[in-house]
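This report refers to the structure that appears directly beneath it.
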Amino acid sequence: MKISPKNPPGRTALAGLALGTSVLLSATLAGCGSTSTAMSSAPSSASSTGVQEQPNIMMVLLDDMGYTDLGVYGGEAETPNIDALTQESTQFTNFHAYPLCAPTRAALMTGQDPHQVGLGSMENLTPPGVPQTTPGYKGSLEGEFTGIAELLGDTGYDTYQVGKWHLGEGEGQTPQDIGFDENFTLYDAGASYFSDGYRLSKRTQEPFDTVIYERNGERVEQLPEDFFATRSYTDEMLQMVDKSVESDKPFFSYLAYTAPHDPLHVENKDLINKYLDVYLDDYNFNDLRDQRIQRMSELGLIERDPATRWPEQTPDWDSLNEEQRKDLAYRMAVYSAAIHEADEQVGRVIDHLKETGEYDNTLIVVASDNGPAANTHELYVRPGTEGWHNEFYPLVGDIESYGHEGSFPSLGLPNAQVSSGHFFHAKNTLFEGGTRVPAIIKAPSTSGGGEPRIVDTFGHITDLYPTFAEYAGADPTSAGNLLGDSARPLLEGSSETIGDDEFAWEHFGHRSYRSGDWKLIFAPEPMGGTGGYALYNLADDPGETRDVIADHPDIASELEEKWNQYAEDNGVVVVDFEAVNEAAPRSAALSFSIDWASEMTAPETSANG
């Protein structure tokens, strides 16, 4: 753990994560939130893996995919390629990101807390009373940092970016500005997956209706007619990788899919029918959640049936009519089909690396940027633009057209909680369902496939920057004060931990601090909280169902002091609980809802993510 005079010990600004204890997949696993398990037959050293001096690095980031959606985490979607990759990888069961897209991407690209680089706000949304002119709250990249692509490029890597960026398009903010040699970039928060390129909502400046794509610094004026984001992003990345293969140079590739972000679009409509066969006749979100939790237990990811709760906005199943039940089943079917297609494209990447002889010596990371989205398309309706979606997404609300071009389906709140499994809540919250994400890392090796392992202690997206740097032979200290630490010792079996297990978040005025199994959190009541601080012991209660702050006031006070120090160190504006609670009902209505299409109303503000 690194310590500076400015920062106390702990992962509030400089120190690393305890990605922790690992075991073989076939070994008996401790329950979620435990701090130690037995280890067997893990690689004992870097030399045993035969890693070349500069392995390739392939970072694959999925968008708004929940914890349990992949097959290896208990989901119904068929994901054979990622599942197979897991058999040669380290699978994380307690890996975290930030609760929204852009802050996670900022931390991944810079190694910094989002407030240090302008992402304390996003999409014109800030904590109550905090203007975007406040340092750290610009909503796009700012400040002093060294991009991971720049750092690796200086050590001899070719660097490539394809897909969603969401970090700004101004000077000093583009992929090429921060070190990528080549890019094919979607600058917006999301878009239609098809060639029409329509935005999530009408823009206040040109282009008003379509998103901005760029290739190597030049605006892409027209997408090909056969464009489909999930497949076309893969096409672009493989063409870039081939250049490095031909020149025999190591590459760093950042492949950021928009799947399965809404609008949920699917290229192969047969897959929609495939998953309708899974969900339509027998759909009940209560049962589906229970089934996923049971599969997680069978997979060895959890030891027992944990206590669970639902967000307060979740409707009672018995109150829904047949059309509403059908609607939710269709949403889940299209969502699973989108994940299925993403897995097929990850499979193309893996196959191509094998065909070119690059697979063994490539570090591969597959992760999600945050928890599943619980909003519907109401979130994107701006004042005065209520008819815009009907014009550009004419199939909005047509259930049987979900997934087709012109539709705008989203997952919906009950399905999002299913996606999070036993972890509470979803994207846009600091509960486990908002920040705990699937993550799989295959270490490079010249001696063939590695052993599957599961690690069940705390980890975070900020560890990836120093991990990439160490494998590349770069000096991470040249990048300033990094938030995480390299996971390489854990991946190669020479350590059971990386840094400590303390971490802090701030999100639109919400607060959270993790210290071992203890978690202190402030969230308003409509957002799942108590309106004040609550304390959970995640070893005993991973579902965050029992607030034990009254039993452990000293622990809560200690964690509150640590959070306050984090805020001071990272330029976080501390907003009073009262102001955050006052704003919460409207925020909750936007973020955690179900639109039954014909009954949609137009909120006053919009938040893309």
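The figures that follow rest on heavy atoms only: side chains count, while hydrogens, waters and symmetry mates do not.
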Q.
Between N390 and V396, is there a side-chain heavy-atom distance shorter than 4.5 Å?
A. yes

Q.
Walk me through whether N375 and D262 qualify under side-chain hydrogen bond (donor to acceptor under 3.5 Å, both in side chains).
A. CA-CA 9 Å; N375 61 276; D262 55 12; 3.2 Å; yes

Q.
For the backbone of G139 and the side chain of S121, can you confirm whether one donor and one acceptor N or O come within less than 3.5 Å of each other?
A. yes

Q: Please tell me if the side chains of W165 and N183 come closer than 4.5 Å, counting only heavy atoms from C-beta onward.
A: no

**Q.** Contact check, side chains of F95 and S368, non-hydrogen atoms, under 4.5 Å
**A.** no

Q. Hey, are K269 and E405 close enough for a salt bridge, meaning a charged N less than 4.0 Å from a carboxylate O?
A. no

Q.
Which label fits Y275 and H340: parallel for a plane angle under 30°, tilted from 30 to 60°, or perpendicular past 60°?
A. perpendicular

Q | All salt bridge (charged side-chain N to carboxylate O under 4.0 Å, His left out) counterparts of K138, not counting sequence neighbours | A | none

Q: Please round to the nearest 0.5 Å and tell me the distance separating atom CH2 of W310 and atom CZ of F424.
A: 11.0 Å

Q: Report yes if the side chains of T234 and Y257 come closer than 4.5 Å at any heavy-atom pair, otherwise no.
A: yes

(Q) A quick test of your reading: do over 12 heavy atoms of other residues, nucleotides or ligands sit less than 6.0 Å from CD of E582? (A) no

Q. Strictly by modelled atom types, are D327 and Y402 linked by a side-chain donor-acceptor pair under 3.5 Å?
A. yes

Q | Salt bridge R105-D63, side-chain N to carboxylate O under 4.0 Å | A | yes

Q: Indicate whether the side chain of T435 and that of H96 have a donor and an acceptor atom separated by less than 3.5 Å.
A: yes

Q: Would you mind reporting whether P306 and I293 have side-chain heavy atoms less than 4.5 Å apart?
A: yes

Q. Does any N or O in the side chain of R436 come within less than 3.5 Å of the main-chain N or O of G371, such that one atom is a donor and the other an acceptor?
A. no

(Q) Using 30° and 60° as the class boundaries, would you call the ring planes of Y198 and W388 parallel, tilted or perpendicular? (A) perpendicular

Q | All side-chain hydrogen bond (donor to acceptor under 3.5 Å, both in side chains) counterparts of E76, not counting sequence neighbours | A | Y279, R292, R295

Q) Within a strict 4.5 Å, meaning less than it, do heavy atoms of the L255 and Q345 side chains meet? A) no

(Q) Can you classify the ring geometry of F227 versus F184 as parallel (below 30°), tilted (30 to 60°) or perpendicular (above 60°)? (A) tilted

Q) How about D316: does its CG atom have over 12 heavy atoms from other parts shown lying under 6.0 Å from it? A) yes

(Q) Quick one, H265 with F228, criterion ring-ring contact (aromatic ring centres under 6.0 Å, His included). Give me CA distance, side-chain angles, the key distance, then yes/no. (A) CA-CA 9 Å; H265 285 161; F228 186 81; 7.5 Å; no

(Q) Do V349 and M237 make a side-chain contact, defined as non-hydrogen atoms from C-beta onward lying under 4.5 Å apart? (A) no

Q | Sidechain-backbone polar pair: E378 side chain, L590 backbone, donor-acceptor under 3.5 Å | A | no

Q. In terms of ring plane angle, is the pair H389 and F408 parallel, tilted or perpendicular, where the classes change at 30° and 60°?
A. perpendicular

Q.
Can you tell me how far apart OG (S591) and CG (L100) are? Round to the nearest 0.5 Å.
A. 8.0 Å

Q | Parallel, tilted or perpendicular, as decided by the 30° and 60° cut-offs, for the rings of F423 and Y67 | A | perpendicular

Q: Answer yes or no: is there a side-chain heavy-atom contact under 4.5 Å between L328 and N415?
A: yes

Q. Do you know which of E344, E267, E236 makes salt bridge (Lys or Arg N to Asp or Glu O under 4.0 Å) with R231?
A. E267

Q: Would you mind listing every side-chain hydrogen bond (donor to acceptor under 3.5 Å, both in side chains) that reaches into residues 216-225, with sequence neighbours excluded?
A: none

